[in-house]
**Student:** 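Below you will find the structure I want to go over with you.
As the structure is a computational prediction, the values presented were derived from the model and not from experiment.
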Amino acid sequence: MKDITLKEIASKLGISITTVSKALKNYPDVSEKTKKAVVELAQKLHYTPNSFAVNLRTKESKTIGLIIPEVMHHFFSNIINAIIDEAEKNEYLVIILQSNETLALEKKQVELLINKRVDGILMSLSNESNNDDHIKEIIERNIPFVMFDKISKLSKCSKVIINDQKAAFNAVQHLIDSGCKKIAHIRGPLNPQNAIDRFIGYKKALEKNNIPFDSKLVYTCENVTFQEGVDFAKQIIEEHPDVDGIFAITDLVAVGVLSHFNDNNIKIPEQVAVIGFSNWFMSQVLTPKLSTVDQPSHLMGVEAFNLLLEEMHCHKEGTTFTPRTIELETNTIIRESSMRIR
């Protein structure tokens with residue numbers, strides 16, 4: 001079936017195209033009788049507006065792009081749900097793309113969204129990405145743009161973040177307050193800003209408590225996986241049997257650590273206390289339950305969308321928008337994996 005046009009409806013009813021258009025939009029200067037006839041015929045012929053033509057006229061696509069490193073991670077799935085909910089309230093559709101933590105794919109996805117003429121872009125950077133050319137192009141094209149979670153401090157755009165340094169500091173300080181004296185850190189890849197900041201927070205907590213920093217106690221993930229947690233837990237105990245605390249970059253890695261320790265009868269937290277990061281729902285159903293840092297993922301999604309919406313409105317109205325950063329609060333949640341009786 002070919003698409004029905006306003007011209008065809010107008011021809012069948014013997015009225016002008018302008019009158020048909022006004023009737024469908026419920027303009028007051030069109031009689032109720034004409035409106036009723038137009039609407040009934042439009043429904044009968046299955047007429048739908050030409051969205052491309054509407055976009056050209058309004059200079060809006062009513063779509064936004066969302067690029068995230070991975071869909072399956074609970075943290076990002078919560079953010080996706082929040083963004084979709086906010087977008088629906090404001091009559092926007094969301095194009096969701098997954099970079100799989102690769103720069104090459106992320107660049108292709110940015111190009112796709114630009115070519116689709118989306119009204120704005122939300123992005124959490126891949127582990128390989130920073131202030132690269134594709135990020136600069138979004139900004140240079142004056143496309144409304146908000147980064148969240150994994151960001152580049154060099155990029156001149158709005159951001160929604162947590163204070164990763166402070167959150168990591170508090171997590172490690174808790175281990176120290178629990179009696180840990182030799183604490184290993186399973187960190188993220190070298191490039192992402194959040195991995196860098198959590199590592200800095202770890203070092204600052206040691207420094208404040210006069211515990212010497214030992215680079216041999218830092219283990220670097222490539223992909224931040226459960227299996228890396230298992231493998232590093234084994235390596236830590238073999239190389240440093242006197243380690244009594246572990247701070248992991250995410251709960252997924254920390255769960256790998258717990259799995260290895262449970263399988264090898266290493267008592268948690270009596271021998272080694274463990275704390276993760278993100279407050280994954282699984283952290284509450286493990287044995288022992290995992291201590292962690294709670295990231296407000298849903299709130300991050302809400303704030304990121306509304307910040308983008310504000311910039312899109314300014315863009316539409318031709319008014320100046322000044323990029324800003326929203327920093328959300330985190331909480332250290334103490335559970336059985338680090339709760340020592342002193």
**Student:** Donor-acceptor pair, N209 side chain versus I211 backbone, under 3.5 Å?
**Tutor:** no

**Student:** Quick one: closest heavy-atom pair of L290 and A254, and the distance?
**Tutor:** CD2-CB, 3.7 Å

**Student:** Hydrogens and angles aside, do N100 and Q98 bring a side-chain donor and acceptor to less than 3.5 Å of each other?
**Tutor:** yes

**Student:** Can you check whether R198 reaches N194 side chain to side chain, under 4.5 Å on heavy atoms?
**Tutor:** yes

**Student:** Going by an N to O cut-off under 4.0 Å, is there a salt bridge joining K107 and E137?
**Tutor:** no

**Student:** I'd like to check F199 versus H185 (side-chain heavy atoms, cut-off strictly below 4.5 Å). Are they in contact?
**Tutor:** yes

**Student:** Looking at E32 and K35, is any side-chain nitrogen of the basic one under 4.0 Å from a carboxylate oxygen of the acidic one?
**Tutor:** yes

**Student:** Under 4.5 Å between side-chain heavy atoms, hopping through other hydrophobics if needed: is there a path connecting L308 to L97?
**Tutor:** no

**Student:** Near E91 CD, under 6.0 Å, is it more than 12 heavy atoms from other residues, nucleotides or ligands?
**Tutor:** no

**Student:** Does a donor on one side chain and an acceptor on the other come within less than 3.5 Å for Q173 and D177?
**Tutor:** yes

**Student:** Given side-chain contact (heavy atoms from CB on, under 4.5 Å), test D244 with K181 step by step and report yes or no.
**Tutor:** CA-CA 7 Å; D244 55 6; K181 301 185 185 309; 4.0 Å; yes

**Student:** Is there a side-chain contact between S124 and P69, using heavy atoms and a 4.5 Å cut-off?
**Tutor:** yes

**Student:** Will you find, in the side chains of H174 and S338, an N or O donor that is under 3.5 Å from an N or O acceptor?
**Tutor:** yes

**Student:** Between T34 and S31, is there a side-chain donor-acceptor contact under 3.5 Å, judged purely by atom types and distance?
**Tutor:** yes

**Student:** Is there side-chain contact between I67 and S126, with heavy atoms separated by less than 4.5 Å?
**Tutor:** no

**Student:** With K203 as the cation and F213 as the aromatic partner, state whether NZ or CZ is under 6.0 Å from the six-membered ring centre and within 45° of the axis.
**Tutor:** yes

**Student:** Begin from the C-alpha positions of L307 and F321 and carry the test side-chain contact (heavy atoms from CB on, under 4.5 Å) through to its verdict.
**Tutor:** CA-CA 11 Å; L307 193 50; F321 177 82; 4.2 Å; yes

**Student:** Please lay out, stage by stage, how S152 and I135 fare under the test side-chain contact (heavy atoms from CB on, under 4.5 Å).
**Tutor:** CA-CA 9 Å; S152 167; I135 302 299; 6.0 Å; no

**Student:** Applying a strict under-4.5 Å side-chain criterion to I, L, V, M, F, W and Y, I'd like to know whether Y27 and I17 cluster together.
**Tutor:** no

**Student:** Would you say that I237 contacts F261 through its side chain, given a criterion of any heavy-atom pair below 4.5 Å between the two side chains?
**Tutor:** yes

**Student:** Decide yes or no for L217 and H240: does some side-chain heavy atom of the first lie under 4.5 Å from some side-chain heavy atom of the second?
**Tutor:** yes

**Student:** Which is it for D231 and Q227 under the side-chain hydrogen bond (donor to acceptor under 3.5 Å, both in side chains) test, yes or no, and what are the steps along the way?
**Tutor:** CA-CA 6 Å; D231 295 340; Q227 190 57 48; 2.9 Å; yes

**Student:** Could you report the tightest heavy-atom contact between I83 and G301, atom names first, then the distance?
**Tutor:** CG1-O, 3.5 Å

**Student:** Is there a chain of hydrophobic side chains (I, L, V, M, F, W, Y, each step under 4.5 Å between heavy atoms) that links M282 to V230?
**Tutor:** yes

**Student:** Is any side-chain heavy atom of L125 less than 4.5 Å from a side-chain heavy atom of P192?
**Tutor:** no

**Student:** Is the terminal nitrogen or CZ of R187 (NZ for Lys, CZ for Arg) located under 6.0 angstrom from the six-membered ring centre of Y202 and within 45° of that ring's axis?
**Tutor:** no

**Student:** Please report the shortest heavy-atom distance between P323 and C157, naming the atom on each side.
**Tutor:** CB-C, 3.6 Å

**Student:** Using distance alone, with no hydrogens and no angle criterion, decide if Q193 and N130 have a side-chain donor and acceptor under 3.5 Å apart.
**Tutor:** no

**Student:** For residues T63 and S61, is any side-chain donor paired with an opposing acceptor at under 3.5 Å?
**Tutor:** yes

**Student:** Distance only, no hydrogens: is a donor on one side chain within 3.5 Å (strictly under) of an acceptor on the other, for D251 and T292?
**Tutor:** yes

**Student:** Is there a donor-acceptor contact under 3.5 Å from the side chain of N191 to the main chain of S129?
**Tutor:** yes

**Student:** Mind checking whether K166 and T330 have side chains closer than 4.5 Å, heavy atoms only?
**Tutor:** no

**Student:** Above 12 or not: heavy atoms from other molecules or residues under 6.0 Å from NZ of K182?
**Tutor:** yes

**Student:** Identify the heavy atoms of G201 and A168 that sit nearest to each other, and give their distance.
**Tutor:** CA-CB, 4.1 Å

**Student:** Report the C-alpha distance between I80 and I84 in whole Å, list the side-chain angles of each, state the deciding distance to 0.1 Å, and finish with yes or no for side-chain contact (heavy atoms from CB on, under 4.5 Å).
**Tutor:** CA-CA 6 Å; I80 290 170; I84 289 174; 3.7 Å; yes

**Student:** More than 12 heavy atoms of other residues, nucleotides or ligands under 6.0 Å from CD of E207: yes or no?
**Tutor:** no

**Student:** Answer with yes or no whether the hydrophobic clustering places I266 together with V255; edges join I, L, V, M, F, W, Y residues whose side-chain heavy atoms lie under 4.5 Å apart.
**Tutor:** yes

**Student:** Treating Ile, Leu, Val, Met, Phe, Trp and Tyr as nodes and any side-chain heavy-atom pair under 4.5 angstrom as an edge, say whether Y92 and I114 lie in one connected cluster.
**Tutor:** no

**Student:** Is the closest side-chain donor-acceptor distance between N90 and E86 under 3.5 Å?
**Tutor:** no

**Student:** Looking only at side chains, do T5 and E8 share a donor and an acceptor under 3.5 Å apart?
**Tutor:** yes

